[in-house]
Amino acid sequence: MKFYIPPQLTRLALAFAIFITLFIVLRNLLVPDTFGQYGHYRGDSLIDNQQPEIHYSGQEACLDCHQEIEDMKQTDVHNTIRCEVCHGPGEKHVSSGDAADISKPDSREFCGVCHEKNAARRQSTIVQIRLSEHNTGKKCIECHNPHQPWEMKE
Amino acid sequence: MGNERVKSSRRKFLKSAATASVAIVGYTWLKSSQFLIHAAEPEDKNLPWYGIVIDIEKCIGCGMCAKACKNENDVPAEPFFFRTWVEQYTVKNDGSVEIISPNGGIDGFKQTVPDEDIFKSYFVPKMCNHCAKSPCDQVCPVGATYTSPEGVVLIDEKYCIGCRYCVQACPYGCRFIHPEKKVANKCTLCYHRIKKGLAPACMENCPTGSRMYGNLRDSNSEIVKFLKEHTTQVLRPNLNTGSKLYYNALSSEVR
């Protein structure tokens, strides 16, 4: 017995086949290659996120040239503070060696960022002064060496 | 004659169309058989699973973390765009709480409440909590934000459409729309640094060492030791975000 397939069914099946094929093709073309490699995201994005430039080179890079300052710093209370905390990002200075590429802050306000008296700072953790009362008109570094704050200069 | 030409051009068209479709289907088939995408199992037990500790007792509110973060990650310098910032909470004698964060703490804090009115005061550094079940990650409609295999919540800047769902989904306010790139932006735990063995910029530049990050899977790591020895708390534990940023000495006023 001959099996009869109505022509409208054939056409419908053809239309479905075309739609499904088109969907698969478009999906493959539009979804990035590494999508789903590790999870519901583009796997290459992990690499993209590692690309930004490093600006803070880290203490070890500083010590290659400035070991003597570190030795001095180790004798006093600023010993745990890493160089770039005060001197700012050092990557440019490390690669060029130019003194102009690193900052040497010397303002009273800069020291005050940590040492200004504030109720939220514990007196036992950090020495605090009032910038408006403590030797006004003088720069902090005229008396204190920032690398050895308690070795008074005068 | 005319009929003949129509027939021959139709045949030609059908032939070339068939060739083209076979080529395209073949190409996509060869390219990958993954026309339905299966997300791989994200957790690799051999990779570290990063967590963060912030010790409020040690923080002196110098804002060096916020400044270093802006420098390292080229965060726009104008106010209100922060990947990390510091807040000062001041509980007054009458019980009211004053919270300030002038420019994220970058320029330092000026005490706004006179000493005699203060019951207690402390600084709270804030940053992305790198939640294990992050709400921001779940709402992204295009899969542009995700938790990396190391547990760091990251953004795919090339894929983000800037719809801001994630910005409003984050209960900690740690996301913003980058004013130039027009896509979401947030703390990456300095993914580019930790992958090279350097500490994140905020932790590298904390003078008191009040911030710490480490591998929660390694029972001998500093951070696990710290968590064992101290009473720590996460922000908004009721939201069950699986936050991996643990605060030591967190007061109940902190929101």
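These numbers were taken from a predicted model, which means no experiment stands behind them. Proteins get letters first, then strands, A, B, ... in listed order; numbering begins at 1 in each. The figures here come from the full heavy-atom set of this structure, side chains too, leaving out hydrogens, waters and symmetry mates.
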- prompt: Which region of B:Ile194, side chain (C-beta onward) or backbone (N, CA, C, O), has a non-hydrogen atom less than 4.5 Å from a non-hydrogen atom of chain A, or is it both or neither?
  reply: neither
- prompt: If you round to the nearest 0.5 Å, how far is CG of A:Leu29 from CD1 of B:Ile24?
  reply: 7.5 Å
field: Among the listed options B:Lys110, B:Lys58, B:Lys67, B:Met64, the residue most often paired with chain A at heavy-atom distances under 4.5 Å
entry: B:Met64
field: Neighbour count above 12 (heavy atom, 6.0 Å) for B:Glu222 CD
entry: no
message: With a 4.5 angstrom heavy-atom cut-off, is it the side chain or the backbone of A:Ile126 that approaches chain B, or both, or neither?
response: side chain
task: Kindly determine whether A:Tyr56 and B:Arg193 satisfy side-chain contact (heavy atoms from CB on, under 4.5 Å), including the steps that lead there.
output: CA-CA 9 Å; A:Tyr56 285 89; B:Arg193 291 176 68 87; 3.5 Å; yes
message: Show, in sequence, the C-alpha distance, side-chain angles and deciding distance for A:Arg122 and B:Ile60, and conclude whether the side-chain contact (heavy atoms from CB on, under 4.5 Å) test is met.
response: CA-CA 8 Å; A:Arg122 296 187 169 196; B:Ile60 56 167; over 6 Å; no
statement: Checked A:Val25, A:Asn118, A:Thr21 vs chain B; the most non-hydrogen pairs under 4.5 Å come from A:Asn118
message: Non-hydrogen contacts under 4.5 angstrom with chain B: give the residues of residues 63-83 of chain A involved, or none if there are none.
response: A:Thr80, A:Ile81, A:Arg82
field: Contacting region of B:Val142 [heavy-atom separation from chain A under 4.5 Å]
entry: backbone
- line: Honestly, the part of B:Asp115 sitting under 4.5 Å from a heavy atom of chain A is side chain
query: Taking the six-membered ring for Trp, are B:Tyr159 and A:Phe35 ring centroids under 6.0 Å apart?
result: yes
- request: Please say whether more than 12 non-hydrogen atoms of neighbouring residues, nucleotides or ligands are located less than 6.0 Å from OH in B:Tyr191.
  value: yes
- request: Could you tell me which portion of B:Ile118 (side chain, backbone, both or neither) has an atom closer than 4.5 angstrom to a non-hydrogen atom of chain A?
  value: side chain
- line: Under 4.5 Å to a heavy atom of chain B? For A:Glu91 that would be neither
task: Of all the heavy-atom pairs spanning B:Tyr146 and A:Leu46, show the shortest one and how long it is.
output: OH-N, 3.6 Å
- prompt: Hey, mind stepping through A:His55 and B:Asp74 against side-chain contact (heavy atoms from CB on, under 4.5 Å) and telling me if it holds?
  reply: CA-CA 10 Å; A:His55 297 297; B:Asp74 302 316; 3.6 Å; yes
Chain B interface, residue from A:Gln59, A:Lys117, A:Glu84 that has the most non-hydrogen pairs under 4.5 Å: A:Glu84
- prompt: If you draw a 6.0 Å radius around NZ in B:Lys158, do more than 12 non-hydrogen atoms from other residues or ligands fall strictly inside?
  reply: no
- request: Could you walk me through whether B:Phe123 and A:Arg121 pass the side-chain contact (heavy atoms from CB on, under 4.5 Å) test, one step at a time?
  value: CA-CA 8 Å; B:Phe123 296 110; A:Arg121 290 185 182 129; 3.9 Å; yes
task: Give the member of A:Gly43, A:Ser45, A:Ser57, A:Gly88 that has the highest number of heavy-atom pairs under 4.5 Å with chain B.
output: A:Ser45
message: Which atoms of B:Glu157 are under 4.5 Å from chain A, going by heavy atoms: the side chain, the backbone, both sets, or neither?
response: neither
- request: Could you tell me which non-hydrogen atom of B:Glu72 sits nearest to which non-hydrogen atom of A:Ile54, and how far apart they are?
  value: OE2-CA, 3.3 Å
Side chain, backbone, both or neither of B:Gln88 within contact of chain A (heavy atoms, under 4.5 Å): side chain
query: Got a salt bridge between A:Asp48 and B:Lys195, using NZ or NE/NH1/NH2 to carboxylate O under 4.0 Å?
result: no
Inter-residue atom distance B:Thr188.OG1 - A:Gln50.CD, 0.5 Å rounding: 10.5 Å
- request: Between chain A and each of B:Ala68, B:Ala199, B:Ala201, count heavy-atom pairs under 4.5 Å; write down the option with the most.
  value: B:Ala68
- line: If one checks every heavy atom of B:Lys120 against chain A at 4.5 Å, the contacting part turns out to be neither
message: How long is the straight-line distance from OH of A:Tyr41 back to CG of B:Asp137, given to the nearest 0.5 Å?
response: 9.5 Å
- request: Would you name the heavy atoms of A:Pro89 and B:Asn71 that are closest together and state the gap between them?
  value: CD-ND2, 3.7 Å
task: Find the one option among B:Asn73, B:Val152, B:Thr208, B:Leu154 whose heavy-atom pairs under 4.5 Å with chain A are most numerous.
output: B:Leu154
query: Between NE2 of B:His192 and CD of A:Glu53, what distance do you get to the nearest 0.5 Å?
result: 9.0 Å
